[in-house]
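Residue numbers count from 1 along this sequence. For clarity, every value in this text was computed on a predicted model and none was experimentally measured.
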Amino acid sequence: MKKRAIAAILALVMILALAACGGGGSSSGSDNGVAITIFNSKMEIQSQMEEMAEKYSAEKGVTVEVYYSSDTVAAHMATRYAANDPYTISMVDAKDVYSLGPEHAVDLSDQDWVKDTTQAIAIDGKVYGFPVCVEARGLEYNADAIKAATGKDFDPSTIKTTADLQALLEEIAAGGVELPVGLQKEDWSLGAHYFAEVYELQDDPDAFIAGIKDGSIKLIDDPIFNAMMDTFDVLAAYNYAKDAPISAEREVTEMKLAEGDLCFKFGGNWDWSNMVDTNYTENIGIMPVPSDVDGANTKLVGGGSKYFFIDSSDNTTDEQRQAAKDFLNWLVYDAEGQDFLVNTCALVPAFSNISLAVSDPLGAAVKSYADTGAMVGNYNYLPDDHYAKVGSSFQKYLAGQTDRAGFADEVTEYWATAEVGAH
């Protein structure tokens with residue numbers, strides 16, 4: 001009997017302790033003790049997200065936990081849903097909203113923030129995707145390093161064609177920086193960012209891909225493919241790591257550009273989250289990739305990038321969904337939430353009501369292109385394995401293990417069985 005009594009007392013103590021732990025604070029529209037999970041697929045801001053979650057939890061009385069996975073977004077989400085263990089809020093790519101939204105996401109059409117953005121994703125009249133930020137790709141530059149080599153102020157608007165770029169790189173090399181370019185070796189940078197522009201710069205990307213699939217379009221003969229590869233060849237010829245391009249580390253390349261050891265690097269404004277911790281120079285920016293594609297060489301490629309959606313399944317309670325909606329509204333309308341997006345995470349906001357100046361130079365440049373409509377839209381429907389497989393073929397090309405025709409053949413072989421995503 002003593003043992004049973006002691007066990008009963010211990011059980012009561014544990015219940016009381018658990019009740020006490022769940023009793024602190026409250027959130028608008030959420031009961032005390034509500035806990036939500038957030039999947040973050042932007043590795044650049046994982047530490048910032050974790051710090052935000054700790055602070056938000058303490059101030060709002062809603063426990064927030066942030067998770068990251070290096071798996072592809074679609075594969076990771078499939079695993080979570082198969083286990084009936086979805087996140088309350090998931091950060092995914094645009095194509096994932098199209099594939100997952102109708103079945104797994106809450107309709108957010110009634111939320112106030114919908115009126116303050118042009119980047120939300122709606123399917124059949126229902127808004128499923130909350131745009132986390134605007135991102136764009138192009139040729140990053142260090143104007144201070146360029147001036148040091150050439151003796152002249154750098155005006156990116158004067159470098160439009162591949163020949164323009166070639167002439168400038170020759171001038172920079174003559175000025176003492178023999179290899180002033182950095183190229184990332186990552187498959188996602190090569191396959192999902194650089195090569196994707198071959199599709200995005202077409203008048204009709206869907207028709208272009210369909211033509212590759214049915215053989216009516218020969219990639220090796222396409223003028224945009226060849227223009228982009230001509231520019232890539234010029235960049236590769238001046239790559240500081242050209243003797244071992246697949247060994248170059250992203251962080252090292254970013255640091256070299258930021259500190260002025262390099263003049264150019266292909267990338268996007270997300271790179272600033274790594275550059276900010278370096279001894280960066282004052283005048284850094286991003287410009288369109290110079291090429292012989294008329295019109296496109298005056299625009300960055302980008303738009304809404306990364307989207308939150310809220311789980312609609314029975315595994316998530318209505319209280320958790322309300323807490324998740326509160327969190328999204330906090331990002332858009334609360335001064336601390338806006339500061340977190342713009343300053344802490346160095347993101348370009350997708351909402352017109354957020355007037356905070358984008359402080360980082362890459363983000364500020366992207367915002368200026370977006371504000372003037374000088375942006376080619378992302379093609380958001382590439383298959384999940386595109387960046388890995390096409391990126392792997394691109395890595396072989398970068399390493400000199402295949403030529404342009406061989407690379408084009410491998411991409412064509414990929415599309416023989418691959419299918420674009422739903423849209």
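By the 30° and 60° cut-offs, the orientation of the rings of Tyr87 relative to Tyr67 is tilted. The aromatic rings of Tyr199 and Tyr379 lie tilted to each other, with the angle between the two planes from 30° to 60°. Between Tyr98 and Tyr381, the angle of the ring planes goes over 60°, which puts this pair in the perpendicular group of the 30/60° scheme.
None of Asp112, Asp116, Asn353 except one satisfies the side chain to side chain donor-acceptor pair (under 3.5 Å) rule with Tyr333; the exception is Asp116.
Side-chain contact check for Trp415 versus Leu219: every heavy-atom pair is 4.5 Å or farther apart. A 4.5 Å side-chain heavy-atom check between Asn297 and Pro290 finds every atom pair outside the cut-off. Taking the side chain as every heavy atom from C-beta outward, Phe394 and Tyr387 never approach each other to under 4.5 Å. Residues Asn343 and Ser359 meet the side-chain proximity criterion, which asks for heavy atoms closer than 4.5 Å.
Of all the heavy atoms in Arg321 and Ile310, the pair that sits closest is CG-CG2, 3.8 Å. Taking each heavy atom of Thr278 and Ala258 in turn, the nearest pair found is OG1-CB, 3.3 Å.
In this structure, Lys60 does not pair ionically with Glu336, as no charged nitrogen and carboxylate oxygen lie closer than 4.0 Å. A salt bridge does not link Lys147 with Asp144: every distance from a Lys NZ or Arg NE/NH1/NH2 to an Asp or Glu carboxylate oxygen is 4.0 Å or more. With respect to the salt-bridge test (charged N to carboxylate O, under 4.0 angstrom), the residues Lys160 and Asp164 do not qualify. Under a 4.0 Å N-O distance rule, the pair Glu419/Lys213 qualifies as a salt bridge. In this structure, Arg404 pairs ionically with Asp230, as a charged nitrogen and a carboxylate oxygen lie closer than 4.0 Å.
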Distance-only donor-acceptor hits, side chain of residues 240-247, under 3.5 Å, sequence neighbours excluded:
residue: Tyr240; atom: OH; partner: Thr253; partner atom: OG1; Å: 2.8
residue: Lys242; atom: NZ; partner: Ala237; partner atom: O; Å: 3.4

Extract all donor-acceptor atom pairs below 3.5 Å that involve side chains of residues 260-268 and protein atoms in other chains or at least two apart in sequence.
residue: Lys265; atom: NZ; partner: Gln184; partner atom: OE1; Å: 2.6
residue: Lys265; atom: NZ; partner: Asp271; partner atom: OD2; Å: 2.9

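Enclosure of atom CG in Asp124 is not indicated, since only 12 or fewer non-hydrogen atoms of other residues, nucleotides or ligands lie within 6.0 angstrom.
You'll find the ring centres of Phe407 and Phe195 inside the 6.0 Å limit.
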